[in-house]
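Here's the structure we're looking at; comments come further down.
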Amino acid sequence: VSLTIVSRAVKLGEYTNTANVSSAELDWNLTNNEDDETVEVVELPDPVKTVDNSTPYYHGEIEYNLTINNDEDADYISNLTVVDSWPDGLEYIGAITDFSGCDVVVTEVNGTNNVTWVITNIKANSNATITLRFKVNSVEALTNNLTIVGPNNTTKMDDVTVKPVPIVDVSTNKTAD
């Protein structure tokens with residue numbers, strides 16, 4: 001007989017669940033009637049987003065670094081959904097590197113201005129990082145968002161705004177009297 005119980009922790013910490021079994025029947029082996037399992041509930045890792053140039057030229061290229069920081073003393077083994085989304089005016093060129101420091105379960109790029117990864121196994125006191133490249137096609141301020149979604153749809157976010165600089169097109173006209 002097997003019994004599965006799904007529960008949700010309401011605070012961080014270490015929890016031990018103990019199961020006991022008993023029966024009205026004669027049990028000739030009482031040593032196997034109890035078992036326990038301990039789990040550690042850790043904080044959702046922190047997302048950090050940086051850009052290599054916050055004032056790029058129009059039609060220039062920029063690189064965003066997406067970093068997921070696991071500052072806990074335990075490995076983060078649950079799946080994390082990492083979503084990078086950007087406004088019109090930024091053109092996704094691609095990832096320069098794939099995620100390092102974790103296992104990538106799924107990568108999905110779609111045409112609605114976002115790319116999604118599912119990652120897991122971020123080692124204790126370490127980071128998972130990826131670098132993305134974009135072309136700047138606007139002179140308006142552009143905010144790029146990073147969201148991570150953990151178990152039970154808990155979320156954390158970070159964003160970076162770039163303020164593109166227009167390129168000046170100078171021409172001269174010569175007139176004679």
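Note that the coordinates shown come from a computational prediction; the quantities given were computed from them, not determined experimentally. The basis for the numbers below is simple: all heavy atoms, side chains too, and nothing from hydrogens, waters or symmetry mates.
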Would you check if the side chain of [X] reaches a backbone N or O of [Y] as a donor-acceptor pair within less than 3.5 Å?
| X | Y | value |
| --- | --- | --- |
| Lys135 | Ile93 | no |
| Asp35 | Ala19 | no |
| Asp75 | Ile77 | no |
| Asn70 | Ile122 | yes |
| Asn121 | Asp103 | no |

Query raised in the report: Out of curiosity, Ser85 OG to Asn113 CG, how far, rounded to the nearest 0.5 Å?
Result: 8.5 Å
Query raised in the report: Say you draw a straight line from CD of Glu108 to OG1 of Thr81; how long is it, rounded to the nearest 0.5 Å?
Result: 10.5 Å
Query - No-hydrogen, no-angle side-chain donor-acceptor test under 3.5 Å, Thr31 and Asn29 - result: yes
**Report entry** Ion pair check, Asp158 and Lys49, cut-off under 4.0 Å
**Finding:** no
**Report entry** Lys/Arg N to Asp/Glu carboxylate O, Arg133 vs Glu91, below 4.0 Å
**Finding:** no
Report task. For side chain to side chain contact (heavy atoms under 4.5 Å, CB included), just list the numbers for Val115 and Trp86, CA-CA rounded to whole Å, side-chain angles, deciding distance to a tenth of an Å, and then say yes or no. Result -> CA-CA 9 Å; Val115 59; Trp86 56 89; 4.0 Å; yes
Do [X] and [Y] belong together in a cluster built from hydrophobic side chains that touch within less than 4.5 Å?
| X | Y | result |
| --- | --- | --- |
| Val51 | Val82 | yes |
| Val165 | Val139 | yes |
| Val83 | Tyr92 | no |

Query - Residues that Thr131 engages under side chain to side chain donor-acceptor pair (under 3.5 Å), provided they are two or more places apart - result: Asn65
Check: [Y] and [X] side chains under 4.5 Å, non-hydrogen atoms:
| X | Y | value |
| --- | --- | --- |
| Glu14 | Thr38 | yes |
| Trp117 | Leu80 | no |
| Ile96 | Ile130 | no |
| Ile62 | Asp52 | yes |
| Pro164 | Leu142 | yes |
| His59 | Asn137 | yes |
| Asp84 | Leu132 | yes |
| Val118 | Thr120 | no |

Requested in this report: Please report the C-alpha distance between Glu34 and Thr18 in whole Å, then the side-chain angles of each, then the deciding distance to 0.1 Å, and finally whether the side chain to side chain contact (heavy atoms under 4.5 Å, CB included) criterion is met.
Outcome: CA-CA 7 Å; Glu34 181 178 300; Thr18 303; 3.7 Å; yes
To check you understand the geometry: which heavy-atom pair defines the closest contact between [X] and [Y], and what is its length?
| X | Y | value |
| --- | --- | --- |
| Leu66 | Phe99 | O-CE2, 4.3 Å |
| Pro151 | Tyr76 | CD-OH, 3.2 Å |
| Pro47 | Leu146 | CB-CD2, 3.6 Å |

**Report entry** Passing option when Ile68 is tested against Asn127, Val48, Ile119, Asp46 for side-chain contact (heavy atoms from CB on, under 4.5 Å)
**Finding:** Ile119
Requested in this report: Could you go through the side-chain hydrogen bond (donor to acceptor under 3.5 Å, both in side chains) check for Asp159 and Asn144 one step at a time?
Outcome: CA-CA 6 Å; Asp159 59 52; Asn144 186 306; over 6 Å; no
Give a yes or no on whether [X] atom [atom1] has more than 12 heavy-atom contacts from other residues, nucleotides or ligands under 6.0 Å away.
| X | atom1 | result |
| --- | --- | --- |
| Tyr57 | OH | no |
| Asp36 | CG | yes |
| Asn153 | CG | no |

Report task. Describe, in one word, how the ring planes of Phe134 and Tyr64 are oriented to each other, choosing from parallel (under 30°), tilted (30 to 60°) and perpendicular (over 60°). Result -> perpendicular
**Report entry** Evaluation steps, side chain to side chain contact (heavy atoms under 4.5 Å, CB included), between Asn125 and Glu72
**Finding:** CA-CA 6 Å; Asn125 299 303; Glu72 298 291 328; 5.9 Å; no
